[in-house]
Each structure stands twice: as C-alpha cells, then as structure tokens.
There are 2 protein chains.
Amino acid sequence: MSENTTPRLLDNQLCFAFYSASKKFNHFYQDALKPFHLTYPQYITMLALWETSPMTVRELGDHLNLDSGTLTPLLKRLEKQGWITRTRSDQDERQVNVDVTPFAAAQRDEVYARVNDCVDLLSLDGIDYNQFLDQIREVMTELDGISNDHLIGAKMS
Amino acid sequence: MSENTTPRLLDNQLCFAFYSASKKFNHFYQDALKPFHLTYPQYITMLALWETSPMTVRELGDHLNLDSGTLTPLLKRLEKQGWITRTRSDQDERQVNVDVTPFAAAQRDEVYARVNDCVDLLSLDGIDYNQFLDQIREVMTELDGISNDHLIGAKMS
DNA sequence: AATTAATAAATCGTGTACAACTCAATTGTC
DNA sequence: GACAATTGAGTTGTACACGATTTATTAATT
C-alpha cells in the first residue's frame with residue numbers, strides 16, 4: 001500500500017489532458033459538422049459506415065467501442081435525420097443491419113471536404129503523427145490490459 | 001475548397017484516439033475510485049478543492065473547463081454524498097462557495113493512496129511524460145486558437 | 001436615485017456513455 | 001426434438017457535457 005499522501009501528478013495530468021483534449025477535439029468537429037447537423041459520435045458512426053456497410057449494431061459497436069445502449073438511440077437519431085436505415089436481418093432476426101441512405105452517400109464527399117477544410121485551419125505540422133499515435137495507443141493498450149480483477153486486488157486499506 | 005474526397009486519416013485517427021483514450025482512462029479511474037463512489041469528474045473536482053478551497057462555482061469551472069450547467073448537478077451529488085458544502089457567499093450573494101467537508105479532508109489521503117496503487121499497476125515507464133504532455137497541450141492550444149469565426153469562414157461549398 | 005448592463009448560478013433540453021436488465025432468437029447438447 | 005446457454009438489440013436509470021435561457025444580485029451609467 002502506498003504511504004505517499006501526494007497523488008501521482010503526472011498520471012493525473014495525463015488523464016486530465018486526454019479528458020480535456022478529447023472535449024476540445026469533440027467541440028472542434030462538432031463546429032465543423034454543424035452544417036450537417038452531425039455530432040462527433042454520429043460522424044464517426046457515418047465514417048465507419050461509409051467505409052463498410054451494411055454493418056450490424058454489434059459490428060459497429062466493435063469498431064467504435066460503443067455498446068447497444070449508446071448506439072441504439074444514436075442510430076435512431078441518424079435514421080430520423082435520413083442518414084441511415086435500420087432493418088432486421090432475415091438470416092438472424094436478432095441482428096439489425098445498419099446501412100447508409102442514398103442521401104448519406106451523396107453527402108459523403110461534402111462532409112469530407114468540410115472536415116478537411118476545417119482541419120486545414122489547424123497547424124499541427126509540428127507533431128509527428130505516427131509517433132504521437134503510437135504513444136497514445138501504447139497508453140490505451142496498457143489501460144486495456146488492466147482488468148477489474150487487478151483493481152479488486154488493490155483494495156483500499 | 002478541398003477537392004479531395006478522402007478524409008484526412010491522421011487527423012481523424014488523432015481525434016478518435018483522444019476520444020477512445022479518454023474513455024478508457026475515465027473507466028480506469030472510475031474503477032479505481034469505486035470504493036469511494038466517486039466518478040472521474042467528481043474526482044478531479046475534489047482534487048481541485050483539496051488543493052484550493054473554498055472556491056466559487058465559477059472558479060472551479062475555470063480550473064476544470066466546465067460550466068455551471070455541468071457543475072451544479074455534479075456538486076449537488078457531491079454535497080449529498082457528504083464530500084462538499086455549498087454556501088452562498090455573504091459578500092456577493094450571486095456566488096456559491098464550494099468547500100470540502102471534514103469527511104472529505106479525512107478521506108483525502110486514502111483516495112490518493114488508492115489511486116496511486118492502481119496507477120502502479122500500469123507500466124507507463126516507456127513514455128516520456130513531459131514530452132508527451134507537451135504534445136497534447138500543443139494540440140489543445142491549437143484547438144483553442146480556432147474560434148467559431150474561423151469555422152464560419154470555411155463554409156460548405 | 002433610477003435604469004441599464006454585467007455577472008453568477010441554476011434550470012432546461014438534447015445528446016452521449018455505460019451498467020444492468022429484459023426479451024426474442026439462435027445455438028449447442030443431450 | 002426439447003431445453004439450457006448464449007447472443008443481439010433494446011430499455012431503463014444514472015451521470016456527465018454543453019448550449020440556451022432564466023433569475024437574482026451587483027456594478028455602472030446617466
């Protein structure tokens with residue numbers, strides 16, 4: 001048990017930095033996507049579907065790390081706004097196939113262009129993307145490795 | 001206007017990495033803090049208050065980048081669970097002073113120890129914290145610099 | 001002093017997140 | 001072929017997050 005009565009500053013700062021940066025990035029994309037009335041989670045859902053469709057809710061969830069409790073309402077909103085269709089699979093009536101509409105297919109390039117134009121306004125030339133992404137993914141892998149079991153082991157006092 | 005019909009992969013990946021890492025980190029802390037029934041946003045609120053208290057809701061919001069719409073219900077929950085007190089200022093009855101309770105003061109070191117123990121399970125020795133944090137903050141600064149005005153300028157088609 | 005502007009919190013509405021649960025459909029086993 | 005176990009989606013409840021509005025209070029201006 002740790003006897004130190006000071007929190008590990010760097011780890012706290014790291015987590016807070018991710019937390020803050022994620023919110024700011026979210027915000028940035030939200031603004032960029034305003035003309036299309038898409039939120040960031042909706043946007044990454046469409047990105048995944050533009051790349052591969054149709055997909056079941058489960059497959060989408062695997063791509064985005066979201067469960068049906070989050071996706072179902074999100075997909076219903078996308079459906080209502082005309083971006084996607086949701087249809088029960090004939091082969092397996094438990095699954096729902098999510099597919100892009102002709103409208104979404106037609107909008108795709110405009111969305112890409114809009115996002116690219118907004119990203120152009122950022123000057124992130126200074127950073128080495130691949131090395132930076134590798135570091136983030138290393139942290140994520142480490143976080144994935146820690147299961148609840150480990151945490152239970154480190155009980156309080 | 002961008003003629004490219006492909007999204008800028010690296011920027012999308014960077015945003016998604018922050019988004020995913022933030023969620024995983026959140027989760028990690030949430031598990032670590034389970035014995036204290038604290039969520040991550042509640043934890044960083046307490047961290048800020050343990051460092052400086054009392055603070056007004058506004059001051060807290062400046063530290064955490066959260067507005068009263070988020071903080072007020074969060075603080076009410078912390079109050080109900082006995083971590084903080086909320087009292088209208090006498091000097092200026094518009095503001096509410098948030099202060100830690102004796103209970104929270106007594107729990108502080110246990111929370112620190114618990115978090116430290118859990119962080120010990122991560123092996124993040126490979127990363128250069130300061131350089132990593134600098135990079136994240138550089139991205140955040142860049143994102144802060146882009147105001148809505150710029151984005152309006154980059155209208156769609 | 002009276003009116004206006006500015007500020008601080010709270011409130012309301014929408015949209016994630018996610019745990020826990022339900023329910024229907026399918027699979028595996030005997 | 002019956003039945004338990006599993007799976008996929010949906011539902012419910014709690015907790016952020018934030019824009020927009022509201023209300024109360026203080027500060028500024030005439």
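In what follows, chains carry the letters A, B, and so on, assigned in the order in which the sequence lines appear, proteins first and then strands, with residues in each chain numbered from 1. Since this is a predicted model, take the numbers as computed values, not measurements.
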Round to a whole Å and report the spacing from [atom1] of [X] to [atom2] of [N].
X	N	atom1	atom2	value
E93(B)	dT7(C)	CD	C1'	15 Å
Q42(A)	dA17(C)	CD	P	10 Å
D92(A)	dT26(C)	CG	P	5 Å
K24(B)	dC18(C)	NZ	P	9 Å
K34(A)	dG15(C)	NZ	P	14 Å
L64(A)	dC18(C)	CG	C1'	15 Å

Sub-3.5 Å donor-acceptor pair from the side chain of [X] to the main-chain atoms of [Y], do we have one?
X	Y	answer
D67(A)	T70(A)	yes
Q30(A)	Y40(A)	yes
S68(A)	L71(A)	no

Tell me, do [X] and [Y] make a side-chain contact under 4.5 Å, heavy atoms counted?
X	Y	result
L47(A)	H63(A)	no
C15(A)	F28(B)	no
T56(B)	S89(B)	no
I44(B)	Y19(A)	yes

For a quick check of understanding: with a heavy-atom distance under 4.0 Å over all strands, which category does [X] fall into, base, sugar-phosphate or nothing?
X	answer
L74(A)	sugar-phosphate
N65(A)	sugar-phosphate
R88(B)	sugar-phosphate
Q30(B)	nothing

request  = May I ask you to verify if any side-chain N or O of Y19(B) is less than 4.0 angstrom from the OP1 or OP2 atom of dA17(C)?
outcome  = yes
key: H27(B) vs dA19(C): side-chain N/O to OP1/OP2 distance below 4.0 Å   = yes
task = Would you tell me whether Y43(B) and N12(A) have side-chain atoms, one donor and one acceptor, within less than 3.5 Å of each other?
result = yes
key: Closest listed nucleotide, where the reference is the side chain of R94(A) and the choices are dA17(C), dT26(C), dA6(C)   = dT26(C)
Outermost DNA chain D nucleotides near chain B [under 4.0 Å, heavy atoms] = dA15(D) to dT26(D)
message = Let me spell it out: for each of P41(A) and D90(A), pick the nucleotide of DNA chain C with the closest heavy atom. Which residue's pick is nearer the 5' end?
response = P41(A)
Per-pair distances, 0.1 Å, donor-acceptor, side chain in residues 78-86 of chain A, under 3.5 Å, sequence neighbours excluded:
unit_1	atom_1	unit_2	atom_2	d
E79(A)	OE1	R86(A)	NE	3.2
Q81(A)	NE2	H37(A)	O	3.1

Distances under 3.5 Å between nitrogen or oxygen atoms of protein and nucleotides 11-13 of chain C:
unit_1	atom_1	unit_2	atom_2	d
dT11(C)	OP2	K76(B)	NZ	2.7

